[in-house]
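Remember, predicted model here, so these are calculated numbers, not experimental data.
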Amino acid sequence: MRITETADLWYKNAIVYCIDPETFLDSDGDGIGDLNGLAQRVDYLAEIGVTCLWLMPFYPSPRRDNGYDIADMYGVDPRYGNHGDFVELVRIAHDRGLRVIIDLVINHTSDQHPWFRKARASKDNPYRDFYVWRSDTPPDTSEESMFPDSENGIWTHDEKTGEWYLHHFLHTQPDLNTANPQVRDAIAKTMGFWLQLGVDGFRVDAVPFAINQTTFEGHDKNELEEPHDYLRSLRAFLARRSSGNGAAIMLGEVNLPHEEQLTFFGGSDGDQLTMQFDFYTNQKTFLALARQDAAPLIEALNSRPKDIGVEPQYANFLRNHDELTLDLLPEDEQNEVLDTFGPEEEHRFAGRGLRRRLPPMFDGDPRRLKMAYSLLFALPGTPVLFYGEEIGMGENLEVDGREAVRTPMQWTDEKNGGFSSAAPSKLARQVTEGPYGPAHVNAADCRRNKDSLLHHITRLAKRYRESPELGWGDYAVLDQPNPSVLAHHVTWKDRSMVLLHNLGAEPVVVPLTLEEEEPGTQLLDLMSEESCELDQDSSTESQLDGYGYRWLRIKRADDPRLV
């Protein structure tokens with residue numbers, strides 16, 4: 001494959017940036033972020049190296065769950081603008097070379113959605129089968145709820161019809177019956193609509209719940225013979241309808257171990273989700289960071305399936321818009337991470353995760369932060385950033401639940417962090433205060449400070465884009481004696497890199513042997529002016545500071561890239 005062909009599968013070397021439109025930038029002074037405000041910051045995002053915007057829900061919604069309780073899948077909430085504003089945002093993003101993906105919620109709707117209002121009107125209503133109902137009293141399902149602090153089970157009694165409806169999330173988010181062909185057709189039409197308006201794909205919410213047929217057994221006449229056929233049909237529809245600037249994608253939220261994630265890619269056929277967030281590696285990464293020992297991360301990387309084909313891709317992240325969930329770790333490992341990074345009860349969410357951003361978890365240590373983001377970009381796959389990560393924003397624990405990390409973007413040290421000119425009482429969410437507030441952390445100051453996290457991440461993004469082997473290549477963990485160090489080798493065609501990361505506070509010397517390389521081969525550090533050379537045994541050694549990192553490109557005589 002030639003370098004020019006990487007544009008066909010653009011997402012394999014993309015840099016994805018997640019934005020909550022409600023808290024990014026308010027352009028009209030009403031205290032609520034909007035699409036026009038977001039459009040004004042597209043150039044900022046392009047400048048720092050972002051290549052794909054992921055927009056969290058902007059649809060009409062009662063906003064009981066940050067907009068994931070959707071009341072109209074075709075709409076734009078008037079608080080954020082209208083369809084014209086959305087089209088202009090997509091247009092300017094494409095003009096600046098950025099693609100746009102949006103949330104596709106296929107598991108549930110709001111209880112205010114017209115479908116559910118009709119479904120609960122009577123047992124005979126045609127929309128009744130759009131949701132999952134039962135007439136018998138359900139057993140105890142308190143351990144199955146995604147919001148155990150708010151819900152005591154996944155079935156809620158509807159007084160009007162005397163039956164119970166299913167909801168894995170809040171009771172105001174009834175689960176759709178995706179076994180019903182009419183529901184699947186309706187969701188496909190939604191995809192077609194937004195594709196026609198220019199989006200480049202979808203972040204698909206809560207995928208395993210949407211095809212969990214065990215929930216439907218005995219309650220639905222339309223049970224799918226093979227639940228994953230639904231994902232195949234969505235992927236096929238996407239391929240038929242997408243056109244223009246490269247293939248559209250489905251980036252799935254699948255919080256499962258690697259072995260089970262393989263099924264959601266479509267196995268060796270690769271005909272289901274295009275990408276998946278790597279939750280397992282994320283959780284093992286935080287265990288490794290807590291221990292300052294790379295072993296858990298190495299275990300995760302070694303457990304990734306290697307036979308997923310060319311098109312599927314893992315998306316890597318450190319923090320996202322939800323809690324830092326730890327539910328794939330054994331209880332003792334969960335407690336290790338919680339005790340290290342969330343020692344106070346207010347730091348924790350639902351007993352299974354952390355409602356914190358990274359800088360406060362690291363006590364603001366810039367060395368550790370820069371190493372962690374270097375690691376994010378260096379891991380095999382596609383990096384995903386959550387808005388504000390690039391400037392080192394912290395959480396606001398005064399805000400309830402998971403929304404503690406969804407506070408207004410901090411643009412300047414002015415009123416409301418430059419997010420809005422409205423009175424603070426009118427803001428969609430309270431601005432973070434204290435040492436991580438706008439007076440100390442904001443984008444304007446970071447742009448002027450060459451040593452800032454913003455400039456560091458901008459440089460990482462540039463180097464990542466110049467190194468397609470990171471998104472495309474095969475990888476192998478390298479043997480070396482330091483427990484705190486992850487050393488891995490990535491190769492794509494005739495291009496190779498060695499990536500070194502010290503998760504510990506003490507400096508180390510890392511010996512390396514690259515038997516397949518010729519003596520005298522140079523390894524050029526893309527993050528500094530240093531380089532090293534392989535000796536007669538094809539060996540070398542590299543010194544790493546505490547929380548140090550190196551990106552070593554193996555120099556080839558015919559490599560046209562500049563260093």
About how many Å separate [atom2] of [Y] and [atom1] of [X], when rounded to the nearest 0.5 Å?
{"X": "Ile211", "Y": "Asn107", "atom1": "CD1", "atom2": "CG", "result": "10.5 Å"}
{"X": "Arg96", "Y": "Arg91", "atom1": "CZ", "atom2": "CZ", "result": "10.5 Å"}
{"X": "Ile15", "Y": "Phe377", "atom1": "CD1", "atom2": "CZ", "result": "5.0 Å"}
{"X": "Leu38", "Y": "Leu25", "atom1": "CG", "atom2": "CG", "result": "8.0 Å"}
{"X": "Lys12", "Y": "Tyr314", "atom1": "NZ", "atom2": "OH", "result": "12.0 Å"}
{"X": "His456", "Y": "Leu460", "atom1": "NE2", "atom2": "CG", "result": "4.0 Å"}

Between [X] and [Y], which heavy-atom pair has the shortest distance, and what is it?
{"X": "Phe209", "Y": "Met146", "value": "CZ-SD, 3.5 Å"}
{"X": "Val490", "Y": "Gly473", "value": "CG1-CA, 4.0 Å"}
{"X": "Met250", "Y": "Gln272", "value": "CE-O, 3.7 Å"}
{"X": "Val207", "Y": "Gly252", "value": "CG2-CA, 4.1 Å"}
{"X": "Leu354", "Y": "Gly342", "value": "CD2-CA, 3.4 Å"}
{"X": "Leu318", "Y": "Ala372", "value": "CD1-O, 3.6 Å"}

Does a side-chain N-to-carboxylate-O contact under 4.0 Å join Arg235 and Asp271?
no

Under a 4.0 Å N-O cut-off, is there an ion pair linking Glu469 with Lys493?
no

For ring pair (Phe, Tyr, Trp, His ring centres under 6.0 Å), just list the numbers for Phe362 and Tyr547, CA-CA rounded to whole Å, side-chain angles, deciding distance to a tenth of an Å, and then say yes or no.
CA-CA 12 Å; Phe362 286 173; Tyr547 306 125; 7.8 Å; no

Would a 4.5 Å heavy-atom cut-off, applied to side chains only, mark [X] and [Y] as touching?
{"X": "Ser542", "Y": "Val509", "answer": "no"}
{"X": "Val42", "Y": "Leu89", "answer": "yes"}
{"X": "Pro57", "Y": "Asn66", "answer": "no"}
{"X": "Asp307", "Y": "Leu262", "answer": "yes"}
{"X": "Glu336", "Y": "Leu338", "answer": "no"}

Going through the distances and angles, do Leu514 and Ile554 end up as a side-chain contact (heavy atoms from CB on, under 4.5 Å)?
CA-CA 10 Å; Leu514 303 175; Ile554 297 175; 4.0 Å; yes

Under 3.5 Å, is there a donor on one side chain and an acceptor on the other for [X] and [Y]?
{"X": "Ser528", "Y": "Asp525", "answer": "yes"}
{"X": "His321", "Y": "Tyr68", "answer": "yes"}
{"X": "Asp332", "Y": "Asn335", "answer": "no"}
{"X": "Asp278", "Y": "Thr281", "answer": "yes"}
{"X": "Tyr17", "Y": "Glu390", "answer": "yes"}
{"X": "Gln313", "Y": "Thr382", "answer": "yes"}
{"X": "Asp474", "Y": "His489", "answer": "no"}
{"X": "Arg550", "Y": "Ser374", "answer": "no"}
{"X": "His94", "Y": "Asp200", "answer": "yes"}
{"X": "Thr407", "Y": "Asn396", "answer": "no"}

Report the C-alpha distance between Leu500 and Leu486 in whole Å, list the side-chain angles of each, state the deciding distance to 0.1 Å, and finish with yes or no for side-chain contact (heavy atoms from CB on, under 4.5 Å).
CA-CA 6 Å; Leu500 306 176; Leu486 171 68; over 6 Å; no

Look only at the side chain of [X] and the backbone of [Y], and say whether a donor-acceptor pair between them is shorter than 3.5 Å.
{"X": "Tyr436", "Y": "Gly364", "result": "yes"}
{"X": "Gln261", "Y": "Phe277", "result": "yes"}
{"X": "Arg304", "Y": "Pro380", "result": "yes"}
{"X": "Thr274", "Y": "Ile249", "result": "no"}
{"X": "Gln283", "Y": "Asp327", "result": "yes"}
{"X": "Thr521", "Y": "Glu517", "result": "no"}
{"X": "Asn320", "Y": "Asp322", "result": "yes"}
{"X": "Arg319", "Y": "Phe386", "result": "no"}
{"X": "Gln480", "Y": "Val485", "result": "yes"}
{"X": "Gln410", "Y": "Val441", "result": "yes"}

Begin with the C-alpha distance, continue with both residues' side-chain angles, and end with the deciding distance and a verdict on side chain to side chain donor-acceptor pair (under 3.5 Å) for Glu299 and Tyr280.
CA-CA 10 Å; Glu299 175 194 341; Tyr280 185 69; 3.2 Å; yes

Carefully, step by step, assess Arg203 and Asp103 under the rule salt bridge (Lys or Arg N to Asp or Glu O under 4.0 Å).
CA-CA 5 Å; Arg203 179 265 186 187; Asp103 262 294; 2.8 Å; yes

Take His228 and Phe265 through the test ring pair (Phe, Tyr, Trp, His ring centres under 6.0 Å) and record every step on the way to the result.
CA-CA 10 Å; His228 285 267; Phe265 279 131; over 10 Å; no

Is the charged tip of Arg41 near the ring of Trp411: under 6.0 Å from the six-membered ring centre and within 45° of its axis?
yes

Arg357 to Tyr387, cation-pi by 6.0 Å centre distance and 45° axis angle
yes

Show your reasoning for whether salt bridge (Lys or Arg N to Asp or Glu O under 4.0 Å) applies to Glu395 and Arg406.
CA-CA 8 Å; Glu395 73 277 354; Arg406 302 167 180 168; over 6 Å; no

Run Thr491 and Ser496 through side-chain contact (heavy atoms from CB on, under 4.5 Å) and show every step you take.
CA-CA 4 Å; Thr491 301; Ser496 294; 3.2 Å; yes

Given Glu323, which partner from the list Arg348, Arg402, Arg355, Arg356 fulfils the side-chain hydrogen bond (donor to acceptor under 3.5 Å, both in side chains) test?
Arg402

Determine, using ring centers only, whether His488 and Tyr475 are less than 6.0 Å apart.
no

Would Met191 and Leu234 count as a side-chain contact (heavy atoms from CB on, under 4.5 Å) here? Give the steps.
CA-CA 9 Å; Met191 294 174 65; Leu234 289 180; 3.6 Å; yes

Would you mind telling me which of Leu195, Ile101, Val105, Ile106 makes a side-chain contact (heavy atoms from CB on, under 4.5 Å) with Phe202?
Leu195

